Amino acid sequence: MMYQSLRNLFHWRNVLFAACLLPAGCGDKEAAKPTPPPKKVEVVEAKFMSFRPSFEVPAVVEAVETAQIFPLVASRILYQNISPGKYFRQGEELVRLDPYPFETKVATAESSIAEAMSNYEQAKANFIRARNLRPQGYISAKDFDTAKSAMQAAEAQLNTAQTSLYQAKQDLSHTSIVAPFSGRVGHPNYAVGDFFILPNSVPITQLVKVDPVYVLAHIGQKAYNEFYSAVEKLKQQGRAIPNMELYIVLPGDTVYPFKGEFFSWDATAAATRGTVAARVLFHNPDGLLLPEENVTLHGKLLEEVQRIVIPQKAVSQDQQGHFVYLLDKENKVKRANIEVGMRIGPNWAVPKGLKVGDRVLVEGLQKVSPGDEVEVTPVEIKQFEEQTPPSLRPPPHSLREQLRREREAFQEYQKSSMEVNQGNQPGDVYMPEDIGK
């Protein structure tokens, strides 16, 4: 009996001892969990960096001027000097139409003027005679009015004849079709002997100006607005607008040897694309750049600027915009909303949201959250400077000034041609070699 009682006592003591080994036994406190080690991240220090802002955008070559060559009069094509790709200087003859019908009209108009002039001189003399006799009462008021009306009718007839002659001379001059500007022609759509009928929707050929050419690029409206804001700020500060070095890269990564000259922004934006078109002039003496050719436009400021810069991989984006993770003094993570500016290779300029000395996470962003304590490994921001091709050279002269001079020259050519046509007098003989003069 005593032996049984001792066995029971030992049994319950063992049970109690085992229970004390369980988490719920021997007290109400749970055993403490081990603290996980801090997460490892890489951090850069935001700082000012000097660089030359640059950009790279797809672009397309565009002709400065393209003309569909249409005759202004209907006639048979006498001869044409057109072969595909041939270069013509401004004012050189492209096509000659048969001038005979128009020479005939000029001769007829000159005869009409001679007849009208004779009638006018006679009517004028009769009127002067009637005006001198009227005060003495030698002619009646009715005869005086008749003489005056006859002179006025003769003068109107003369004016009509002169207008007809002017139009006939203009039509005759249009039988010689010249290049309105220097450029290359396309394939002719007619042959010698064809009769060109007006109106007609098919031109004789197309003339394309090949030197200089535009390179057309579409710039985002945000970048466009930032550009003009910066320009306005510089003007208010009395500072000059920094110059831009512009060049293009052709398909196959061939760098075009001439630098470009900025020409203009388009007057309107492309709403569907959210862009504004910019045009840059390029010297194209050998016609290497062809209209509709795809190229890449590069631009870089000639002056350096300073901005706070961080790596692009440090920047995230959500519905609130761009943001980064920073570290406070206790190496705890916190979020900072920022505004990003221009890209500088693998880096991004930050105009708002950061100050010099801020520690920015660049690696390990996916495994941390605001408030986390982390283990820091400092890294350096990689300096990046896109190298400008060393072989670039500027155009031999101002391309904008070249366009201005060429347009003025053609205006003078048109003006002199018109003055010659107006200066011809009745009785002048038009020879075939005079056409277009």
Side-chain angles (χ1 to χ4, degrees), residues 52-68 90 179-184 186 206-232 234-235 240-251 254-303 342 386 388-389 392-411:
R52 292 168 59 193
S54 61
F55 66 84
E56 176 183 335
V57 292
V60 65
V61 178
E62 184 183 74
V64 170
E65 292 178 294
T66 300
Q68 305 294 329
Q90 186 181 59
F181 50 81
S182 299
R184 285 198 172 95
Q206 177 178 264
L207 179 68
V208 179
K209 190 175 188 65
V210 294
D211 183 28
V213 293
Y214 290 133
V215 167
L216 175 67
H218 291 276
I219 310 299
Q221 291 178 17
K222 179 182 177 183
Y224 171 82
N225 293 330
E226 288 175 350
F227 171 80
Y228 267 98
S229 296
V231 168
E232 190 61 31
L234 289 173
K235 287 181 179 178
I241 300 173
N243 292 322
M244 181 76 72
E245 188 173 55
L246 298 161
Y247 65 97
I248 54 176
V249 176
L250 308 179
T254 302
V255 177
Y256 188 68
F258 289 103
K259 296 179 182 179
E261 179 182 330
F262 179 78
F263 183 75
S264 69
W265 295 99
D266 257 11
T268 58
T272 55
R273 303 173 65 173
T275 60
V276 181
R279 283 178 171 80
V280 181
L281 283 170
F282 278 88
H283 187 46
N284 190 32
D286 301 323
L288 176 62
L289 300 177
L290 301 175
E292 307 303 326
E293 181 179 7
N294 292 315
V295 297
T296 303
L297 177 66
H298 293 252
K300 177 180 283 191
L301 284 182
L302 296 179
E303 300 175 10
M342 62 190 74
E386 183 181 359
T388 302
L392 289 177
R393 59 186 187 270
H397 50 261
S398 169
L399 303 178
R400 184 189 293 268
E401 184 65 18
Q402 175 188 340
L403 290 180
R404 186 190 65 80
R405 290 197 307 267
E406 289 175 352
R407 285 167 181 164
E408 287 182 351
F410 189 66
Q411 288 173 357

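All values reported here derive from a predicted model rather than from experimental measurement.
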**Student:** Could you check whether any side-chain heavy atom of T296 comes within less than 4.5 Å of a side-chain heavy atom of E56, counting everything from C-beta outward?
**Tutor:** yes
**Student:** Who passes side-chain hydrogen bond (donor to acceptor under 3.5 Å, both in side chains) against E406, sequence neighbours left out?
**Tutor:** K209, Q402
**Student:** Quick one: side chain to side chain contact (heavy atoms under 4.5 Å, CB included) partners of S398, sequence neighbours excluded?
**Tutor:**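 Listed in chain order: E261, R400, E401.
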**Student:** What's the separation between atom CG in L281 and atom CG in L246, rounded to the nearest 0.5 Å?
**Tutor:**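 Interatomic distance, L281 CG to L246 CG, rounded to 0.5 Å: 10.5 Å.
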**Student:** Is the Lys NZ or Arg CZ of R279 less than 6.0 Å from the centre of F263's six-membered ring, within 45° of the axis?
**Tutor:** no
**Student:** To the closest 0.5 Å, what do you measure between CG (L288) and CG (L250)?
**Tutor:** 6.0 Å
**Student:** Going by side chain to side chain contact (heavy atoms under 4.5 Å, CB included), V280 matches just one of L297, L216, L399, V213. Which one?
**Tutor:**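 Looking at L297, L216, L399, V213, the match for V280 under the side chain to side chain contact (heavy atoms under 4.5 Å, CB included) is L297.
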**Student:** About how many Å separate CD1 of I248 and CG of N294, when rounded to the nearest 0.5 Å?
**Tutor:** 11.5 Å
**Student:** Can you check whether N284 reaches V61 side chain to side chain, under 4.5 Å on heavy atoms?
**Tutor:** no
**Student:** For P285, give me all partners under side chain to side chain contact (heavy atoms under 4.5 Å, CB included), at least two apart in sequence or on another chain.
**Tutor:**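 Partners of P285 under the side chain to side chain contact (heavy atoms under 4.5 Å, CB included) test: D211, Y256, F258, H283.
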**Student:** Calculate, to the nearest 0.5 Å, the distance between atoms CG and CZ belonging to L403 and F181 respectively.
**Tutor:** 11.0 Å
**Student:** Nearest 0.5 Å please: distance from the CZ atom of F282 over to the CD atom of E62.
**Tutor:**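 Those atoms lie 13.5 Å apart.
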